[in-house]
Each structure stands twice: as C-alpha cells, then as structure tokens.
Amino acid sequence: MERPEPAELVPRLMAEFGYPRAGAELVAQKLTHATEIVWHAFLSWWQTGTLPELDVADYSLSQLMREHGMNPIAALLTLDWLAREPEAAKRSLHKGHDQVA
Amino acid sequence: MEDTTDTEESVETADVGADLADNAGEQVGTDAGDGASDFQAVTDAQVVSATEALGQMEALRPEVWEGLGVEERLEALQGIEDRMAEIQGRPAVAVGTATLEEGTYGGYRSDYGIVLNEAHVASNDIAEIVDSVVHEGRHAYQDYAIHHLGFVSDASLVESWTANWDNPLSAQDYGQEAYMAQPIEADAWAYAGRIRQALYGREQL
C-alpha cells in the first residue's frame, strides 16, 4: 500500500487515541516517514487492531510497552529510532525517561 | 508521589533559597545584547562551577557511595541540588524518592521538587544518579526562568521552554526520540551530560 499523506491519519489519531491536533500531526508525520519494517507493522496494526511481533536492536514492541509504559504508537516510533540510530536510542532507553509538570 | 513527608519539607527548602533567587537576575545578566551567546557563556561557567563543587563532595565518589545508607544517600542528593541551585542562582528544591514505574527514573514538579525512583537511588551507579539529580534540577532552573522573565538572557529559548512546558511530549505517547528532542529535555540532557562526563568520564548522550 502506498503511504498516505500524514493528514489522513490525523482524525483517527485524535478521535481514537486522544492526541491533540498538533500531537497527532507530529505522530502522523513520523509514522508516514518511518522505516519500511516499522511502517508495515504500523499498517498491520492500524488495519486489524492486532500488534505484530517486532524486534529491533534487542528491543521488542511488547517490551517497550511493558517496561517503558509506551502506547503502541510510541513503541513503534521508538523502534523506528532504534532502526535508524541504534546506539543513541539504546543509550537513551537505558537511562529511561522522566516526568515534568 | 508517595512520600508526603518529603513534600512538606520541600516547601521549607524552597523558602530558604528565596533570598538567593532575588539576586539571580544580576548573576545571569539581562542585557539586550546577544542573548544566546550570553546564555551559552553562563551555561559554560555553570558547568565548570558544578564540576568543581560536586567533585569536592566525598559522598559522590563511587567507593563512598556504595557504603552509604538510604538516609545518607538522600542527604547527599539534596546536597547536589543545593549546590546546583546556588550555582544557577535559583531557589533550591527538595529531593525525595517515590516508587515509580520501571523506565521512569525520576521527575520534577513545580509544586514539589525533584522525585527520584527509589530503585534508582538504591543502585550503586553514582554517575547515573548524579546525572539524574542535575537533570531534574535543570528543569527547576527552566521552571524558574519561565516564571522570572529576564532571569535567562536568551528570550527565544525561554519562549520555547514555556511552549514546551505547556505541551510536553511524553515518551509514553510520542516515543523516546520525540521525548529526547523537545526543548526542555534536550537542554536538560545536554547540561547534565556535560557535568557527568566531567565528573566521571562516562559517555554522554
């Protein structure tokens, strides 16, 4: 399937997954420009609702969701970073994340 | 936030630092010149001062840290924050611990201060822990700059921090890369990484 324009994903990202418009536009832009392996995993989940097994650079989709509390979209985008810049992404994941409010 | 005792103490700590904050604008400078380069020079000077100040803390030596109990560790971490606040010219905030999700090493809240994952503090990786306290303290600095215009000379940078503070990109919703790249996190990661590298010689992100 040819990749859609990012704007085509935005309404569902907002309605179904709760992203604000700017956030949905950012996520849609990243997803539609993701590496092939991540794009196909996303497309499968987007169309069927079933998350495929996907491992990149020693991290799996389910591991990112379980250990880092990521939703499926965040986990897919992180796998995309792992595919493009594995060392930088792994160092960052090893450290983890914080919460600011 | 499970440790409510620490929450109450944080207010007292912040009040103690109020006088210090009153002089902060003078230290950083608010001239209308090149704000970005002024800010960079101030940041560089802070990193040098922090490396010297934290390097003198015996508790932060790996062989000493390994032998410290929980209370002694918390005291040392508060000592880091107190020194960093003085160097940065802002009020100090409290440092406490809480049980946080795996993958969350800590956080900063305007109404509380710095919270670290208690599992993180229990580890012997002192370089990582110092990095975390300095990182979260940098968020306290950003927070102070947002609410005290002119405290940081680079107005456009503060504008970006303000916009980001109101619309943060969590790793849980946007992924690790977007989380790392947003202005408040990019600044805090770079700042703490420089000090960590200077103190412990480990690779920074």
Side-chain angles (χ1 to χ4, degrees), chain A residues 13-14 16-31 33-35 38 41-42 54 56-59 61-101, chain B residues 1 98 100-112 114-117 119-120 125 127-129 131-133 135-136 138-140 142-143 146 161 163-186 188-189 192-193 196 202-205:
Chain A
L13 287 169
M14 293 174 66
E16 195 171 328
F17 301 99
Y19 286 97
R21 175 166 294 282
E25 289 171 351
L26 174 68
V27 165
Q29 178 73 19
K30 286 179 171 289
L31 287 168
H33 290 80
T35 51
V38 170
F42 165 74
L54 181 60
V56 179
D58 301 327
Y59 279 88
L61 202 51
S62 58
Q63 179 186 7
L64 290 171
M65 294 173 65
R66 184 178 63 252
E67 295 179 3
H68 292 265
M70 295 180 184
N71 70 21
I73 292 169
L76 282 163
L77 292 175
T78 300
L79 287 180
D80 184 56
W81 190 26
L82 281 159
R84 289 183 284 104
E85 297 181 88
E87 294 310 315
K90 286 163 80 170
R91 284 199 301 273
S92 177
L93 285 166
H94 174 72
K95 172 75 177 178
H97 57 263
D98 66 353
Q99 297 171 338
V100 176
Chain B
M1 303 302 156
L100 301 176
E101 293 177 349
E102 188 178 5
T104 304
Y105 66 82
Y108 168 78
R109 279 180 42 175
S110 298
D111 62 351
Y112 178 89
I114 295 169
V115 182
L116 298 173
N117 190 326
H120 191 54
D125 191 345
E128 194 73 41
I129 295 165
D131 187 310
S132 296
V133 178
H135 178 116
E136 297 309 323
R138 185 64 169 182
H139 287 317
Q142 296 163 349
D143 188 18
I146 287 169
W161 287 349
N164 190 188
W165 202 278
D166 293 337
N167 299 282
L169 303 178
S170 71
Q172 292 95 329
D173 289 333
Y174 293 89
Q176 191 77 8
E177 185 179 25
Y179 155 77
M180 287 281 294
Q182 63 191 314
I184 57 174
E185 290 300 336
W189 281 87
R196 170 188 175 144
R202 307 246 188 114
E203 184 177 13
Q204 67 185 68
L205 289 169

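Labels below follow one simple rule: chain letters A, B, ... track the order of the sequence lines, proteins then strands, and each chain is numbered from 1.
- In terms of modelled atom types and a separation under 3.5 Å, the side chain of A/H68 and the main chain of B/Q172 share no donor-acceptor contact.
- Ranked by non-hydrogen atom pairs under 4.5 Å with chain A, the options B/D143, B/L116, B/I184, B/D131 are led by B/D131.
- Between A/V100 and B/E185 there is a side-chain heavy-atom pair separated by less than 4.5 Å.
- Proximity to chain B is limited to the side chain of A/E85, based on heavy atoms less than 4.5 angstrom apart.
- Neither the backbone nor the side chain of A/L64 comes within contact range of chain B; no heavy atoms are under 4.5 Å apart.
- Side-chain contact check for A/Y19 versus B/D173: some heavy-atom pair is nearer than 4.5 Å.
- Chosen from B/E136, B/Q142, B/E101, the residue pairing most often with chain A at heavy-atom distances under 4.5 Å is B/E136.
- Counting heavy-atom neighbours within 6.0 Å of A/R21 CZ, excluding the residue itself, gives a total of 12 or less.
- With contacts defined as side-chain heavy-atom distances shorter than 4.5 Å, the pair B/P168/A/Q99 does not qualify.
- With hydrogens and angles disregarded, no donor-acceptor distance shorter than 3.5 Å links the side chain of B/E177 to the backbone of A/L82.
- Contacts between A/V27 and chain B at a heavy-atom distance below 4.5 Å involve the side chain alone, from C-beta outward.
- A 4.5 Å side-chain heavy-atom check between A/D98 and B/W189 finds every atom pair outside the cut-off.
- Neither the backbone nor the side chain of A/A75 comes within less than 4.5 Å of any heavy atom in chain B.
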